[in-house]
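Heavy-atom basis, side chains included; hydrogens, waters and symmetry copies ignored. Convention: sequence-line order gives letters A, B, ...; per-chain numbering from 1.
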There are 2 protein chains.
Amino acid sequence: MFSQAEENYLKALVQLIHFRDQGNEVGTNELALYLNVKPATANDMLKKLREKSLVSYVKYGKISLTVEGQKAGMDVVRKHRLWETFLVEKLDFAWDEVHEVAEQLEHIKSKKLVNSLDDFLQNPKFDPHGDAIPDREGRILIPYQRLLSEVSIGKSGKVVSVKDNSNSFLQYADKIGVRIGGMIEVAGRESYDGQTTLRVENKDHTVSDKFCMNIHVVCPTCKLGKDCSKNDCSF
Amino acid sequence: MFSQAEENYLKALVQLIHFRDQGNEVGTNELALYLNVKPATANDMLKKLREKSLVSYVKYGKISLTVEGQKAGMDVVRKHRLWETFLVEKLDFAWDEVHEVAEQLEHIKSKKLVNSLDDFLQNPKFDPHGDAIPDREGRILIPYQRLLSEVSIGKSGKVVSVKDNSNSFLQYADKIGVRIGGMIEVAGRESYDGQTTLRVENKDHTVSDKFCMNIHVVCPTCKLGKDCSKNDCSF
DNA sequence: ATTTTTTGTTAGGTCTACCTAACTTTATTA
DNA sequence: TAATAAAGTTAGGTAGACCTAACAAAAAAT
Ligand SMILES: [Mn+2]
Ligand SMILES: [Mn+2]
Ligand SMILES: [Mn+2]
Ligand SMILES: [Mn+2]
């Protein structure tokens with residue numbers, strides 16, 4: 001079994017290496033920044049994880065996960081997302097209240113618990129933020145999605161996930177009616193600074209480019225599948 | 001907030017001081033034994049808890065909990081028992097499978113989580129082992145109960161709790177049909193060594209005195225109330 | 001009332017997960 | 001290419017929660 005700290009590093013590495021659009025090269029400093037620790041601390045832990053064959057890296061080089069390390073990290077992500085789903089679906093938490101608690105729950109050690117919970121929730125494929133939940137083997141479903149900031153004017157998308165999980169972002173999103181599964185139309189975009197007019201539930205809101213870069217949408221007709229252009233895709 | 005270790009000590013003290021039939025004087029050695037640590041370790045922690053005004057004790061004296069310490073310990077017990085109930089009621093765990101996992105879950109820090117869970121379970125008063133679940137203020141319902149070993153021959157009792165939570169005990173209890181809420185009749189008892197014949201679900205089983213001393217029963221007609229003899233009590 | 005046993009304390013040490021400060025390597029820029 | 005900046009490493013240190021070994025106090029037994 002892994003310690004809580006080890007699990008946090010493995011999860012962070014999965015997120016930095018595999019769950020990012022670009023730049024999947026990860027170094028000590030970036031990892032440390034992500035985990036709110038000092039580079040020296042991250043360096044210590046990397047040596048320990050290397051000893052245990054969970055990461056592979058050489059001094060001054062970039063970090064990667066071994067098969068075993070990736071599996072372990074995925075498992076933490078799986079637990080995190082299942083617990084978030086539980087909190088929202090069963091205990092009526094709001095989507096901006098679950099992350100902190102899930103950070104704790106993700107470290108509970110019991111195979112039976114995780115799998116029972118998965119069944120109890122009817123094997124959900126996505127968490128309350130629209131992020132894919134890895135299955136028992138660490139596999140995830142990847143919907144073909146794009147950032148709202150990349151959707152052309154006049155087109156609509158269905159919200160599948162948000163990148164920012166901060167309270168301020170989630171509450172702002174809530175306020176203007178943006179939620180997982182909801183539709184958004186890009187009514188206009190200012191070329192000067194990317195200010196975008198969104199039509200949500202028949203109301204218009206002018207939001208920043210930054211905001212749009214944190215929302216993933218899919219074509220409402222072909223949510224899954226890699227090459228969207230070959231279908232009757234609305235994008 | 002308290003650390004996981006601190007919480008474990010506070011819970012142990014509540015259990016040793018308040019949840020025991022007799023002998024509620026507790027010392028360093030006993031506490032250490034209960035928690036599977038060495039006396040020196042328990043001593044260190046007691047000093048720390050005294051600093052924080054959670055226990056009150058003097059060198060070489062007996063340990064007691066302050067109001068604040070008792071409140072904190074009760075809260076851990078509450079969480080432990082709520083999670084055990086959740087595991088059995090919602091995730092179909094058996095009553096001998098829940099303790100270990102609850103030992104982990106009891107340390108999750110979120111008032112909202114505990115109270116939501118309590119509501120989700122419809123504010124249960126007893127856990128799967130028949131132990132009372134403290135409410136938000138740390139109050140518990142105490143059924144008038146006696147040990148099965150003290151029930152007279154010919155009388156029946158309804159099982160409300162078991163003292164031993166070990167796998168071997170629970171599985172043995174299961175095997176002969178003893179479960180919370182079930183009825184047991186004391187059909188006979190050998191005065192030589194206390195060997196007792198129990199009638200459970202119309203079958204007779206001869207069990208040891210030791211076994212009987214780990215089962216709490218109440219009169220089926222007056223489960224609650226302090227002075228059983230004033231009612232139409234079957235005992 | 002001693003002796004012996006049990007119980008409790010102290011001193012000093014380990015291991016984990018952090019830290020700061022100083023240093024080295026690699027990358028960037030002039 | 002040489003200077004500078006950024007990234008990564010090492011050494012040494014702290015705090016929490018545990019340990020062993022030696023010792024002191026209290027309780028029990030003779
Ligand atoms: Mn989260
Ligand atoms: Mn999430
Ligand atoms: Mn338990
Ligand atoms: Mn219990």
Side-chain angles (χ1 to χ4, degrees), chain A residues 1-13 16-17 20 22-65 69 72-73 76 103-104 106-109, chain B residues 1-13 16-17 20 22-65 69 72-73 76 103-104 106-109:
Chain A
M1 279 305 126
F2 309 112
S3 74
Q4 210 152 307
E6 285 168 343
E7 289 191 341
N8 282 333
Y9 282 89
L10 293 171
K11 185 181 67 156
L13 287 172
L16 291 172
I17 297 173
R20 269 199 318 191
Q22 22 70 279
N24 53 354
E25 292 259 281
V26 181
T28 311
N29 280 10
E30 198 186 0
L31 177 60
L33 187 73
Y34 188 83
L35 287 168
N36 286 306
V37 296
K38 300 295 159 190
T41 304
N43 190 267
D44 282 353
M45 182 57 91
L46 284 171
K47 284 190 209 154
K48 203 168 100 189
L49 295 176
R50 179 177 50 197
E51 270 320 292
K52 296 191 172 187
S53 306
L54 296 165
V55 306
S56 101
Y57 88 115
V58 287
K59 221 165 134 173
Y60 297 107
K62 292 301 172 183
I63 309 158
S64 63
L65 286 160
V76 182
E103 285 292 311
Q104 298 177 60
E106 74 192 7
H107 300 292
I108 303 294
K109 278 155 192 63
Chain B
M1 281 303 129
F2 309 112
S3 73
Q4 210 151 308
E6 285 167 343
E7 289 192 341
N8 282 333
Y9 282 87
L10 293 170
K11 184 181 67 157
L13 286 171
L16 292 172
I17 297 173
R20 267 201 316 192
Q22 24 68 282
N24 52 352
E25 291 260 279
V26 181
T28 312
N29 280 10
E30 198 186 357
L31 178 60
L33 188 73
Y34 188 83
L35 286 168
N36 288 305
V37 296
K38 301 294 159 191
T41 304
N43 190 268
D44 283 353
M45 182 57 91
L46 284 171
K47 284 189 209 155
K48 204 169 99 186
L49 294 177
R50 180 176 48 196
E51 272 318 293
K52 296 190 172 189
S53 305
L54 296 166
V55 307
S56 102
Y57 90 115
V58 287
K59 223 164 130 172
Y60 296 108
K62 291 302 172 183
I63 310 159
S64 64
L65 285 161
V76 182
E103 285 292 311
Q104 299 178 59
E106 75 193 6
H107 300 293
I108 303 294
K109 279 156 193 64

| said: Measuring from atom OH of B:Tyr9 to atom OG1 of B:Thr41, what distance do you get when rounded to the nearest 0.5 angstrom? | reply: 5.5 Å
| message | Need one value for A:Ala42: base, sugar-phosphate or nothing, where a base atom within 4.0 Å counts as base even if backbone is also close, heavy atoms only. | response |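 It contacts nothing in the nucleic acid.
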| request: Assign B:Thr28 to base, sugar-phosphate, or nothing according to its heavy-atom contacts below 4.0 angstrom with the strands shown. | output: sugar-phosphate
Between [atom2] on [N] and [atom1] on [X], what's the gap in Å once rounded to a whole number?
X	N	atom1	atom2	result
B:Asn29	D:dA25	CG	C1'	13 Å
B:Leu33	C:dT6	CG	P	14 Å
A:Leu31	D:dG8	CG	P	10 Å
B:Arg50	C:dT9	CZ	C1'	11 Å
A:Leu49	C:dT16	CG	P	13 Å
B:Phe2	D:dG16	CZ	P	15 Å
B:Asn43	C:dT6	CG	P	20 Å
A:Lys38	C:dT16	NZ	P	23 Å

As a test of reading the structure: which of [options] is closest to the side chain of [X], going by heavy atoms?
X	options	value
B:Ala40	C:dC19, C:dT10, D:dA7	C:dT10
A:Tyr60	D:dC19, C:dG8, C:dT24	C:dT24
A:Asp44	C:dC18, D:dT20, C:dG8	C:dC18

Give a yes/no on whether any side-chain N or O of [X] is located under 4.0 angstrom from OP1 or OP2 of [N].
X	N	result
B:Lys47	C:dT10	yes
B:Lys62	C:dT7	no
A:Lys59	D:dT10	yes
B:Thr41	D:dC19	yes

| Do B:Gln104 side-chain atoms and A:Lys109 backbone N/O form a donor-acceptor pair below 3.5 Å? |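 At least one qualifying donor-acceptor pair exists.
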| said: Under 4.0 Å between a side-chain nitrogen and a carboxylate oxygen: does that hold for A:Lys11 and A:Glu103? | reply: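 Judged by the 4.0 Å cut-off on N to carboxylate O distance, A:Lys11 and A:Glu103 do form a salt bridge.
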| First encountered from the 5' end of DNA chain C, between B:Tyr57 and A:Gln4 |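 Upstream on the strand: B:Tyr57.
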| remark: Looking only at heavy atoms, the pair that brings B:Gly69 and B:Leu10 closest together is O-CD2, 4.1 Å
| Does a donor on one side chain and an acceptor on the other come within less than 3.5 Å for A:Gln4 and A:His107? | no
